[in-house]
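Below, chain A is the first sequence line, B the second, and so on; all start at residue 1.
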Amino acid sequence: MTTISVPVSTLANETISKLKRCKSMKEFHQIHAHMIKTNLVNHTLTISKLIAFCSLSALPNSLSYASSVFRRIENPNYFIFYALTKGSCDYGDPLDSITYYVDMVSCLNELDKIAFSLPSVLKACSKLRAFKQGKQFFGQILKTQFWFDPFVSNSVVRMFLELGEIEFARRVFDKMPERDLISWNSMITGYLRAGEVDLASQLFEEMPERDLVSFNTMIDGYGKCGRCELAEEVFRMMNEKDVVSWTSMISAYVIDHHSSKALDLFREMLSLGVKPDVPAIVSVLAAIADLGFVEEGKWVHDYISSNKINLNSGFIASSLIEMYSKCGYIENAYDVFRRVSHGQKNGDWNSMISGLAIHGLGQEALEVFLEMERMNIKPDEITFLGLFSAFSHGGLVDEGQYYFEIMQEKYNIAPKLQHYGCLIDLLARAGNLVDALKVIQHMPIEADVLAWKAILSASTKLGNVVIGEKAALRAIELNPNDSSSYVMLSNIYAKAGKWDDVAKVRLMMKQRGVRKIPGCSSIVVDGKVHQFLVAKETDMGYGSNIHSKIEELVSRLKLEGYEPDLSQVLLDVEQDGKGSLLNLHSEKMALAFGLINTSNGAPIHIVKNLRICCDCHAFIKLVSSVYNRKIVVRDQKRFHHFQNGSCSCRDYW
DNA sequence: GTAGGGTTAG
């Protein structure tokens with residue numbers, strides 16, 4: 001086959017513009033067939049465009065199709081090589097990318113044209129984690145004029161950064177003939193991703209000029225390193241901000257557990273007329289989900305619809321599903337899910353499964369997973385984390401063990417620490433502490449704090465002092481600053497009446513300066529958020545009517561058989577004192593406030609930062625029947641839907 | 001052809 005040179009005909013132009021609009025492989029095939037029929041396959045420009053658009057289309061099988069067309073060409077030009085090099089790097093096998101490049105170098109000698117492919121080749125090296133190969137390319141580049149091309153030298157720096165070779169990258173950076181904004185910004189990003197906050201700040205100070213990207217990089221990087229206060233500092237000093245600056249700051253707040261600040265900032269952004277785009281919406285939805293403010297969530301959902309933002313764009317659907325689930329509105333989550341579930345994004349499925357999990361709907365989560373299998377959507381490691389969490393909260397032990405096997409055998413996903421954590425949690429929560437401990441002994445990775453805390457938490461519930469003590473000491477050893485391990489240990493001792501040991505734990509906490517995280521519950525009434533801190537009812541300005549309401553509830557419930565569960569009190573105080581401390585649990589205060597300030601029969605939604613305690617759980621169950629209210633409580637881990645005297649968790653949590 | 005923001009997780 002020879003390539004003939006014909007003037008660009010109308011036919012060629014038409015074909016090229018059709019190629020530009022191509023959205024499926026079927027269309028590519030049709031165009032190609034038409035090109036064969038009209039002999040356009042021998043028209044250099046058109047055939048190059050076919051290969052280029054096909055290589056860079058990201059459609060399934062498009063790359064192999066492009067390469068089969070490529071193999072029938074006698075003298076491919078640099079443009080075809082470029083497209084295949086970039087396409088293989090971005091959407092295919094990065095190794096192919098390097099092969100195409102080497103192939104090109106051996107048959108072409110237009111150096112300036114070859115340079116265009118180098119950024120992709122270097123990126124391919126970082127994707128392949130090929131440090132040695134990368135260094136070889138770097139060595140070759142140094143000997144040529146490529147080194148003076150900023151696109152190439154910047155890509156070299158980026159490659160070493162992505163390979164985790166930060167110091168090497170810095171040496172290259174220092175050696176570069178010329179550093180532009182992109183070089184500085186890349187180097188700073190590299191430092192921040194490696195957690196090198198000081199080195200990043202130093203470069204940020206040193207750089208000769210800064211642009212918006214420089215500032216935004218600092219905000220995002222500081223935020224991700226957990227340095228929210230530094231991010232705030234940079235954000236406030238900017239004269240000009242774009243939507244990325246706002247989004248980075250909002251995310252920094254979310255990471256730092258300051259979701260209400262994140263929401264406030266989003267409102268401020270809107271009031272200044274900055275239009276939120278998809279990432280901005282996704283980040284604020286995470287904040288709203290965390291706060292459990294469904295009204296704001298619905299507002300954002302309306303915003304998405306009225307601004308014609310497609311549910312399929314980015315992580316929009318998955319964030320909405322998560323938001324509705326975490327706000328307790330699982331039906332709304334389902335509605336969003338049903339509208340996108342025909343799509344192939346496993347993130348949407350994962351969010352739905354995890355959403356069902358926190359509602360204790362294990363069977364339903366399994367059904368979603370099975371549907372996913374029927375639709376041939378590949379589950380990933382997060383799918384299984386959600387699924388195991390669903391089994392764990394739903395008490396589906398056999399299913400959990402079965403799918404733990406399936407995950408490895410059928411899906412080839414090697415269990416990670418988190419998966420083992422789930423399995424341990426599943427067994428322990430179901431009362432099988434022995435098998436849970438066996439998993440810890442036999443797993444190939446060292447168990448972490450969370451694994452031991454799962455054992456500890458289950459032991460607390462079961463009242464197993466021996467295993468609980470062992471787990472607590474291990475958990476404390478692994479993270480001495482986590483107050484919850486001490487608190488659970490103390491609760492085990494208290495339940496067993498071992499008040500001396502309770503005192504020892506308290507002393508240990510005091511000596512190490514570990515403070516118990518105060519319980520905090522919030523409730524939204526008439527669009528206003530009301531927060532209650534444990535034992536601080538008067539400080540919040542709610543006065544004594546909350547307290548008298550709780551007393552009224554207690555005496556009413558005692559008639560129904562309510563007995564305060566005094567083992568839930570950390571302090572060893574007089575019996576009467578203990579009773580009143582129980583009454584000051586934040587969820588009881590929020591509940592009392594809700595009963596006073598909402599109309600008869602209206603549902604009550606409460607969000608708590610820690611896990612709900614046994615006493616409050618029993619208490620709220622009774623309130624739901626005596627006062628005929630639907631009460632929804634989201635604790636640190638899951639939802640409890642109380643109605644007619646029982647809870648959706650079936651007392652299993 | 002090179003630099004900045006978003007999710008699902010025991």
Side-chain angles (χ1 to χ4, degrees), chain A residues 82-83 85-86 89-90 113-123 149-159 161 180-190 192 211-221 223-224 242-252 254 276-286 289 313-323 325-326 345-355 357-358 380-389 391-393 415-426 428-429 447-451 453-454 457 637:
Chain A
Y82 159 72
T85 307
K86 182 165 166 57
C89 173
D90 291 348
K113 304 277 174 61
I114 288 174
F116 273 69
S117 296
L118 271 170
S120 291
V121 172
L122 296 165
K123 194 176 178 187
D149 179 338
F151 284 87
V152 175
S153 53
N154 283 333
S155 298
V156 171
V157 172
R158 184 193 159 97
M159 172 185 68
L161 289 172
D180 58 13
L181 267 166
I182 293 175
S183 333
W184 287 90
N185 291 339
S186 305
M187 195 61 225
I188 290 177
T189 304
L192 289 166
D211 62 358
L212 252 177
V213 177
S214 325
F215 285 93
N216 294 345
T217 302
M218 293 308 290
I219 297 172
D220 177 62
K224 295 214 168 92
D242 66 0
V243 68
V244 178
S245 328
W246 292 92
T247 307
S248 305
M249 195 61 230
I250 290 169
S251 301
V254 175
D277 59 5
V278 169
I281 290 170
V282 169
S283 65
V284 78
L285 279 172
S313 36
F315 308 130
I316 288 281
S318 130
S319 305
L320 279 173
I321 293 168
E322 188 214 349
M323 181 277 294
S325 307
K326 288 197 176 165
K345 279 188 191 165
N346 57 8
D348 299 338
W349 295 75
N350 292 355
S351 294
M352 194 64 233
I353 291 174
S354 305
I358 57 172
D380 58 17
E381 34 183 80
I382 293 167
T383 315
F384 285 100
L385 286 177
L387 193 61
F388 295 151
S389 141
F391 292 150
S392 188
H393 288 298
K416 292 199 169 155
L417 190 54
Q418 282 120 313
H419 296 105
Y420 284 107
C422 287
L423 183 63
I424 292 161
D425 185 55
L426 176 83
R429 217 187 271 268
D448 64 352
V449 200
L450 287 157
K453 274 172 73 177
S457 150
K637 298 242 156 124

Is it the case that B/dT7 (base atoms only) and A/Ser318 (side chain only) share a donor and an acceptor within less than 3.5 Å, ignoring hydrogens and angles? yes
Mark this stacking check for A/Phe116 against B/dG1 as yes or no, applying ring centres under 5.5 Å and ring planes under 30°. yes
Out of B/dT7, B/dA3, B/dG6, which nucleotide sits closest to the side chain of A/Ser186? B/dA3
If you measure only the distance, is there a donor-acceptor pair under 3.5 Å linking the side chains of A/Arg158 and A/Ser186? no
A/Phe315 meets the ring-ring contact (aromatic ring centres under 6.0 Å, His included) criterion, sequence neighbours left out, with none
Tell me what A/Val156 touches on the nucleic acid: a base, only sugar-phosphate, or nothing, going by heavy atoms under 4.0 Å. nothing
Side chain of A/Asn350 (C-beta onward), nearest among B/dT8, B/dG5, B/dT2: B/dT8
Select base, sugar-phosphate, or nothing to describe what A/Gly347 touches, counting heavy atoms under 4.0 Å on all strands. base
Return yes if the base of B/dG5 and the side-chain atoms of A/Asp242 contain a donor-acceptor N/O pair under 3.5 Å, otherwise no. no
Under 4.0 angstrom, heavy atoms only, what part of the nucleic acid is A/Tyr82 near: base, sugar-phosphate, or nothing? sugar-phosphate
Classify A/Ala317 by what it touches in the nucleic acid, base, sugar-phosphate, or nothing, heavy-atom distance under 4.0 Å. nothing
For A/His419 and B/dA9, what is the distance between atoms NE2 and C1' respectively, to the nearest whole Å? 9 Å
